[in-house]
4 protein chains.
Amino acid sequence: MTDIPHLTEHPNPAGIRRVAVLTSGGDAPGMNAAIRAVVRTATYQGIEVVGVRRGFSGLHRGDLRLIGPRDVANTIQRGGTILLTARSHTWRTPEGRARGAQYLRDWGVDGLIVIGGDGSFHGAHALQEEHGIPVIGIPGTIDNDLYGTDHTIGYFTAVETALDAVDKLRDTGASHERIFVIEVMGRHAGHIALEVAVAGGAEEVFIPEDPKPVDGVVQIVQDSVAKGKASSIIIVAEGYPGGAQGVAQAIEAGTGLETRVSILGHIQRGGSPVSSDRVLASRLGEAAVYALMDGRSDVMVGRHNGEISYTPLPETWEKRKDVSRDLYSCAKTLSV
Amino acid sequence: MTDIPHLTEHPNPAGIRRVAVLTSGGDAPGMNAAIRAVVRTATYQGIEVVGVRRGFSGLHRGDLRLIGPRDVANTIQRGGTILLTARSHTWRTPEGRARGAQYLRDWGVDGLIVIGGDGSFHGAHALQEEHGIPVIGIPGTIDNDLYGTDHTIGYFTAVETALDAVDKLRDTGASHERIFVIEVMGRHAGHIALEVAVAGGAEEVFIPEDPKPVDGVVQIVQDSVAKGKASSIIIVAEGYPGGAQGVAQAIEAGTGLETRVSILGHIQRGGSPVSSDRVLASRLGEAAVYALMDGRSDVMVGRHNGEISYTPLPETWEKRKDVSRDLYSCAKTLSV
Amino acid sequence: MTDIPHLTEHPNPAGIRRVAVLTSGGDAPGMNAAIRAVVRTATYQGIEVVGVRRGFSGLHRGDLRLIGPRDVANTIQRGGTILLTARSHTWRTPEGRARGAQYLRDWGVDGLIVIGGDGSFHGAHALQEEHGIPVIGIPGTIDNDLYGTDHTIGYFTAVETALDAVDKLRDTGASHERIFVIEVMGRHAGHIALEVAVAGGAEEVFIPEDPKPVDGVVQIVQDSVAKGKASSIIIVAEGYPGGAQGVAQAIEAGTGLETRVSILGHIQRGGSPVSSDRVLASRLGEAAVYALMDGRSDVMVGRHNGEISYTPLPETWEKRKDVSRDLYSCAKTLSV
Amino acid sequence: MTDIPHLTEHPNPAGIRRVAVLTSGGDAPGMNAAIRAVVRTATYQGIEVVGVRRGFSGLHRGDLRLIGPRDVANTIQRGGTILLTARSHTWRTPEGRARGAQYLRDWGVDGLIVIGGDGSFHGAHALQEEHGIPVIGIPGTIDNDLYGTDHTIGYFTAVETALDAVDKLRDTGASHERIFVIEVMGRHAGHIALEVAVAGGAEEVFIPEDPKPVDGVVQIVQDSVAKGKASSIIIVAEGYPGGAQGVAQAIEAGTGLETRVSILGHIQRGGSPVSSDRVLASRLGEAAVYALMDGRSDVMVGRHNGEISYTPLPETWEKRKDVSRDLYSCAKTLSV
């Protein structure tokens with residue numbers, strides 16, 4: 001029998017008594033699970049939580065309120081974010097940030113937890129630089145393009161949503177002998193596209209990191225037909241030049257085969273988070289509170305090789321997380 | 001206690017001993033359930049079944065084979081069609097149909113069951129007119145635009161797929177205050193769009209049957225914002241002039257609000273059929289075999305008010321099934 | 001082009017100015033869609049809505065509040081009921097009902113809409129009998145066992161949930177050659193079980209309406225094995241004597257084959273409602289408000305053959321809705 | 001721009017020209033993706049593949065056949081295993097294994113890949129010990145209880161299936177104020193139960209690794225009610241003494257609250273694999289072929305910290321993979 005640990009209080013050398021939390025940038029499935037984990041962990045440790053609505057936009061407007069464990073009941077399975085999110089031009093000004101800092105001081109907040117992507121972490125970093133308020137970032141974005149964590153909250157769900165679409169096209173492709181081009185999210189990164197390509201058994205994938213000429217796909221499609229494949233499924237990340245429409249036109253022009261396009265768009269941002277996103281969000285929300293209690297600041301909590309990791313916020317946008325070469329290679333091999 | 005009927009053999013005055021079955025036109029979820037029902041009902045009644053692959057294209061090429069109840073095992077839940085489907089130019093020629101008729105005679109087929117839409121029923125009707133071979137149509141198309149049946153096989157699943165997308169946009173829309181325009185299938189008919197609009201709680205729906213000017217939606221979106229709605233979801237059938245892109249551009253131009261487009265495309269043709277499509281397909285597959293045994297021909301079997309109905313094939317394309325006015329009115333009322 | 005009707009106000013000869021709405025009994029997916037439809041239709045017609053929390057239990061305790069169209073925003077896709085539900089012993093007493101009636105009068109309510117099953121309709125009927133308050137019932141129960149409507153709100157979703165489970169068992173059954181017995185809801189009625197059996201391609205179904213001896217299934221399973229079926233799936237309604245456990249034991253005893261049981265339980269009550277339940281709920285919520293405006297009372301609004309129907313509340317529990325014989329026969333034929 | 005690697009042939013010092021593959025033990029979602037990866041990787045490297053049907057049972061009976069890349073087309077998304085699986089008593093005898101080894105030699109097989117759990121790896125290990133045939137194991141079991149890999153193929157899907165059930169109960173629990181006890185798979189291990197408890201926001205979880213007395217849950221449920229929680233969800237692994245039924249009875253006896261049980265059973269073994277299982281299976285199938293080419297044998301390929309790992313087969317059953325203490329602690333904290 002395993003010796004299961006008994007729960008103990010986490011030490012609180014930083015003397016944190018009240019934290020604030022907000023979601024910022026594009027929403028991602030699992031943000032609510034992260035908010036819930038922040039609120040419940042804090043409560044468990046005797047710390048109060050202030051929720052900020054509409055991200056930094058709400059912060060410089062003073063849209064703050066106390067939230068407790070019952071306020072986050074029944075939210076772990078919900079897409080979107082109960083704290084809402086918005087983009088803020090004002091936050092990019094020193095005046096805007098000064099107003100936000102003042103609100104946090106007025107509310108007696110000892111540290112701010114920001115759930116979002118690298119743009120949001122810029123805003124958090126500036127707040128800490130200029131006003132000395134401890135900030136912790138939690139990676140919440142479907143694109144998985146943040147340096148310092150193996151995965152970002154929302155990524156697994158976005159992949160699953162896109163994969164479900166691919167599976168449905170496969171049904172009809174297998175019956176009808178057609179080419180399908182499906183555009184998935186990823187303006188600057190091909191993580192989603194690549195994972196969906198492997199999991200969906202796609203014939204080809206186009207990602208921004210490797211802007212190979214679209215002509216090659218014509219040969220691939222013709223080879224597929226020659227090998228007896230009933231249909232071809234091509235994944236295109238939105239950041240690949242020309243997008244799905246461009247790729248589809250090249251295929252139709254080159255092969256004469258009927259080619260259909262699906263553009264998933266923001267559908268991939270919604271939906272109930274899958275288990276992996278909820279567990280990641282739960283672990284990172286817990287870790288963010290502990291990080292403040294430990295006296296950390298200006299870092300993003302992440303998960304690397306199963307362990308909690310801490311990355312200075314500036315590194316999250318200065319360094320680049322590459323797509324997996326092994327996965328890219330695997331996608332090729334398995335489409336044989 | 002209910003007196004449950006004992007199974008009896010269905011009378012067979014037409015002396016049917018062997019039937020053929022094919023799927024034609026665009027595939028639809030539930031086609032496999034219909035094939036399975038034809039095969040199993042026939043088997044139960046002591047009748048053999050010949051499966052034709054790739055629709056009429058396979059028929060004039062002689063791509064026929066005997067299929068039994070085990071061949072359709074584990075298919076009721078599969079999207080697509082195990083008999084494959086294709087469009088055939090040759091079938092539109094008398095020579096092509098003559099070749100197909102000869103194959104059916106060579107195989108000793110007493111009647112042909114065609115699962116598809118009105119284009120497919122044209123082909124079946126011509127076969128019966130020119131060669132006297134009994135034909136029965138089963139309505140299989142996601143668009144639900146066939147006169148003579150309350151619903152077509154595949155419609156319920158296509159609606160559910162589109163609805164799932166709307167629900168996901170709703171999550172992100174509720175968090176972010178944006179406008180979403182989602183294009184669903186329906187080149188000539190707004191059935192899917194309308195049902196999705198009511199079930200998805202959309203703010204507005206554009207269908208081919210009512211080409212109202214797109215300008216009105218600008219007012220609707222502005223009213224929504226004024227009423228405090230966090231976001232607006234607009235459904236557009238692909239057959240509405242300009243499609244989703246046109247509607248989105250008009251909204252952005254008129255309101256200045258960020259507007260996002262999703263185009264589902266052929267995703268709506270795939271996926272495991274929902275229960276309603278499987279049950280409808282099972283009932284109609286059974287009814288099609290019984291119809292041949294009863295000596296019927298040149299009719300489509302459908303379901304109207306819970307009962308099996310028979311509609312002369314030409315009526316299925318000559319008459320028009322309107323969208324439900326009550327539903328259209330309901331969509332409006334409930335978006336208040 | 002279809003001539004689409006313009007919206008007009010519904011006449012209001014009964015002079016309804018304020019209605020109350022509650023959900024009662026076991027919850028069912030789509031109840032929120034019905035509440036939303038009541039609120040929005042009323043608002044559209046210039047009528048106010050009072051929401052009662054926790055059913056009749058909340059009514060006799062005075063748990064009432066005004067609700068508007070924004071309160072039901074983003075609820076159409078949610079399972080459960082935002083008004084909560086509960087069973088009430090007090091409501092079965094004249095004193096309890098008198099208190100509830102007084103609260104309704106205090107709030108100036110002109111009519112009460114009750115969403116629930118036949119037990120709930122008993123409570124509504126008594127209120128109208130004793131206190132002259134107009135009441136309208138909306139059929140909300142997953143069991144589909146209410147006389148006076150082709151389907152009840154929640155039924156389609158419950159079927160889909162159970163069917164999803166059957167599909168998953170089919171995967172593993174096809175790989176492993178085992179017998180699966182799956183128990184679905186239905187204490188007194190086999191509607192769910194029968195629909196799931198046809199849609200899931202089950203080998204046998206046991207329902208309360210036909211308590212045939214369990215011994216017969218042993219022969220069926222042995223025949224299945226002889227016919228080359230990889231596995232057998234048996235559906236049992238919870239109301240069949242002995243339930244799934246009893247059936248499984250009989251099969252193991254008679255065949256010696258490994259038999260596995262799944263008991264879905266209340267899972268079938270939850271989940272996001274499928275489109276059919278949402279549209280039905282939307283139509284019936286709308287119809288309930290119109291019914292009060294038309295001066296109707298003591299009736300359940302339902303849908304029969306696509307049209308709104310009105311059934312005196314007592315008939316909903318005095319008369320019985322039988323399971324479909326055609327479907328029962330179809331289940332048998334297609335398991336050949 | 002990232003420098004993406006060009007595909008090259010994998011070196012083949014072991015001179016592998018033909019491999020065999022089988023699935024064994026309980027089936028798991030993703031087994032087909034693993035088979036497909038084995039077949040396609042081998043094909044890509046110029047190696048032939050022999051598929052063995054029904055696991056070791058088929059091996060000692062000689063149920064072998066060549067399979068190519070088109071045979072695994074359209075299978076990546078399918079639950080179950082196209083090679084079927086079975087338990088074999090004969091394989092536990094030296095004579096049975098000798099017959100299997102002879103078949104492999106007759107077919108010119110240079111190595112055997114076994115997809116399954118520790119029982120299956122026993123069988124593979126014995127084959128290598130007694131007959132010198134290189135064997136590689138791929139971890140395919142939903143229970144995630146194999147030492148030597150962070151996750152097993154099928155685990156993520158099983159968790160998602162159970163989580164979906166928890167979400168549905170949450171809907172109805174939130175509306176009705178009841179206690180739900182849900183039994184998930186895991187005869188000897190609590191991995192699934194624990195992950196589902198965190199992801200589902202359960203109030204308590206009972207796992208075989210920590211057989212704490214069931215009485216404690218009574219206090220937890222009463223505390224939950226006191227804290228204002230509308231309902232409680234309790235997860236029980238099937239291996240916890242007494243199972244879900246035992247826990248439910250203790251709660252009802254101790255609190256007097258209505259308690260409902262759901263037993264998911266083999267549903268968790270089926271369904272289309274989620275992306276994480278497909279990608280893991282694809283990577284491990286590829287790695288298994290490379291391992292044979294590299295001259296490895298008697299090891300299981302796994303994934304640890306994102307990298308392919310190799311574990312001697314005996315270690316997979318001699319060593320134990322504990323449940324995550326951090327996760328167990330997290331489950332507690334977040335149920336506050």
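Sequence lines set the chain letters: A, B, ... in the order given, protein chains first and strands last, and positions in each chain run from 1. Since this is a predicted model, take the numbers as computed values, not measurements.
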Segment of B/D167 engaging chain A (4.5 angstrom heavy-atom cut-off):
neither
Heavy-atom distance under 4.5 Å to chain A: side chain of B/T23, backbone, both or neither?
neither
Chain A-proximal positions within residues 262-271 of chain B [heavy-atom distance under 4.5 Å]
B/S262, B/I263, B/L264, B/G265, B/H266, B/I267, B/R269, B/G270, B/G271
Any idea which of [options] has the most non-hydrogen atom pairs under 4.5 angstrom with chain A?
| options | value |
| --- | --- |
| B/I182, B/I82, B/L169 | B/L169 |
| B/D164, B/T161, B/V261 | B/T161 |
| B/T81, B/L84, B/T85 | B/T85 |

To the nearest 0.5 Å, atom CG of B/D171 lies from atom CG of A/N32 at 9.0 Å
Given a strict heavy-atom distance threshold of 4.5 Å, which part of A/R54 is in contact with chain B: side chain, backbone, both, or neither?
side chain
